[in-house]
Participant: 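Got a structure here, written out as C-alpha cells. Questions coming.
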Amino acid sequence: MFKIALLPGDGVGPEVIREAVKCLDVVGKRFSLELRFQAALVGGAAVEATGRPLPPDTLELCRQSDAVLFGAVGGQKYDGLPRELRPERAILDLRQELGLYANLRPARLFLPLIAASTLKEEVVRGIDLLVVRELTGGIYFGKPRGIEPIEGGERAVDTLIYTTAEIERIAKVAFQAAQRRRRKVTSVDKANVLASSELWRRVVNGVARAFPEVALEHMYVDNCAMQLVRDPRQFDVILTENMFGDILSDEAAMLVGSIGMLPSASIGAKVGIYEPIHGSAPDLAGKDKANPIAAILSGAMMLRHTFGQEEAAEAMEEAVANALERGYRTPDIQSPGTTLVGTTQMGDLIASELSEG
Ligand code: IPM
Ligand code: MG
C-alpha cells in the first residue's frame, strides 16, 4: 500500500490535483497498486482556516505518508501578510522539514506541441533536459536575513551560503541522473563573481572524478540563460544552486510550450514531494482553464521515484502523449487545428487513454 498526502493548496492547485488523482486511480487499478490518498490544508487555504500556511497536522500527515502530491500555493490576496505567514512559506518549510535537497525538473518536448513553443521548431525539436536544482540551501535559507531601519531609510540582507557537504550531495544526484541519460552535466554558477560559486565549482569537479563516463562542463548562469533560448538541445543535465535553478527552470518550461506541462520531484529523504511547477495562477482558478498535465506528470514522477513503478509511470506519460497526439489542448497550449478542452475534460481524456492501455 502506498500512502499519498494530497496538498492541493490555492488557485488552480485543487483543480489540477483532482485530475492527477483521477489518473492515478486508473493507473493504480491497471497495475494493481493500492494507492491511498489523504488530503490536508496548505498555503493560503490553510492560513484562512487555521492562521498558518503549514499547520502542524499537515506536516505530520506528510511525515507519515510515502509521498506528497502538492498543488500550488499563493495569491495576490495574501501579498500583505508578513513573510512568515505567506503561503509560499509552506512549501519552503516542507522542503526543509522533510530534508528534500534535490529538485528534479525535466523539460521534454512532446512533439505534437512543437507549435506551442514561442521558439522556432528547429530550435526546440527534440529538447530533453533535466534541471537538478539544489533545494534546501543557498540564499533561500541563509542567515542573517531581514530588513532593518538605518539612518535615512532601511537596509535589507539575504545571505547566500553553501557548504561542501551540501554541494557534494546535490552534485551526486546530477551525475547519477546523467548516467541514466545522455551522460552530460552542465554545472551552472557565477564563479566569476561569487565565493559560493567558486566553492561550488571546486566541489563539483571533485565529485566528477567518481563519474569518469559523464562529461562535465561549467557555465556561468547568465550565459546559460542565453544558451537555453539559443540552442537548448545542447543540454542534458543542468546542475545548479537554489535560486539559479528557480529561474532557469521557468525558462526551460517555456521552451517546451507551456509552464503548464512541467512536473517536478523534490527528493533526497524518505518522503518525496511531487508538484507541478506552474504555481497557483489565481487568474485561471475556478474557470476550468488550467492545464492539468504538469500535475498528472508529477503523479508519474511519484510512481517512478518513490514507488519504483517505472512501467506505471511510463503508461501515464504515454497517455498524456496520446491525448496530445489526438489533438486535445487546454488554452495554454492551443494552436490552430486543435481541439480546445477544459481542465476536467483533459483529465478525463488522459484517464480514458490510461484505462484502454
Ligand atoms: C518554485 C516556486 C517556489 C520557489 C516559490 C513558490 C517559493 O517558485 O517551486 O519554483 O521559489 O522555489
Ligand atoms: Mg519557481
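Just so you know, ligand 1 is whichever comes first in the structure, and atom 1 is the first atom listed for that ligand.
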Participant: Return the closest protein heavy atom for atom 4 (C) of ligand 1 as residue, atom name and distance.
Facilitator: Tyr140 OH, 3.5 Å
Participant: At what distance is the nearest protein heavy atom to atom 2 (C) of ligand 1, and which residue and atom is it?
Facilitator: Asp246 OD1, 4.0 Å
Participant: To the nearest 0.1 Å, how far is atom 1 (C) of ligand 1 from its closest protein heavy atom, and which atom is that?
Facilitator: Arg105 NH2, 3.3 Å
Participant: For atom 3 (C) of ligand 1, state which one of Arg86, Arg89, Arg95 supplies the nearest heavy atom.
Facilitator: Arg95
Participant: Any idea which N/O/S atom from Asp246 gets closest to the Mg ion (ligand 2)?
Facilitator: OD1
Participant: What is the nearest protein non-hydrogen atom to atom 6 (C) of ligand 1, stated with its residue, atom name and distance?
Facilitator: Glu88 CG, 3.8 Å
Participant: Taking all non-hydrogen atoms of both residues into account, name the closest pair between Ala295 and Val16 and its distance.
Facilitator: CB-O, 3.6 Å
Participant: Taking only heavy atoms of Arg133 into account, list the atoms of ligand 1 that are under 4.0 Å away from them.
Facilitator: 1 (C), 4 (C), 9 (O), 10 (O), 11 (O), 12 (O)
Participant: Determine the sole option in Tyr140, Tyr101, Tyr162 for which the side-chain hydrogen bond (donor to acceptor under 3.5 Å, both in side chains) test with Glu134 is passed.
Facilitator: Tyr162
Participant: Near Arg145 CZ, under 6.0 Å, is it more than 12 heavy atoms from other residues, nucleotides or ligands?
Facilitator: yes
Participant: Please report the interatomic distance CD(Gln96) to CD1(Ile91), rounded to the nearest 0.5 Å.
Facilitator: 12.0 Å
Participant: What heavy-atom pair brings Asp236 and Arg181 nearest, and what distance separates the two atoms?
Facilitator: OD1-NE, 2.7 Å
Participant: Only one of Leu216, Val132, Thr240, Val237 passes side-chain contact (heavy atoms from CB on, under 4.5 Å) with Ser187; say which it is.
Facilitator: Leu216
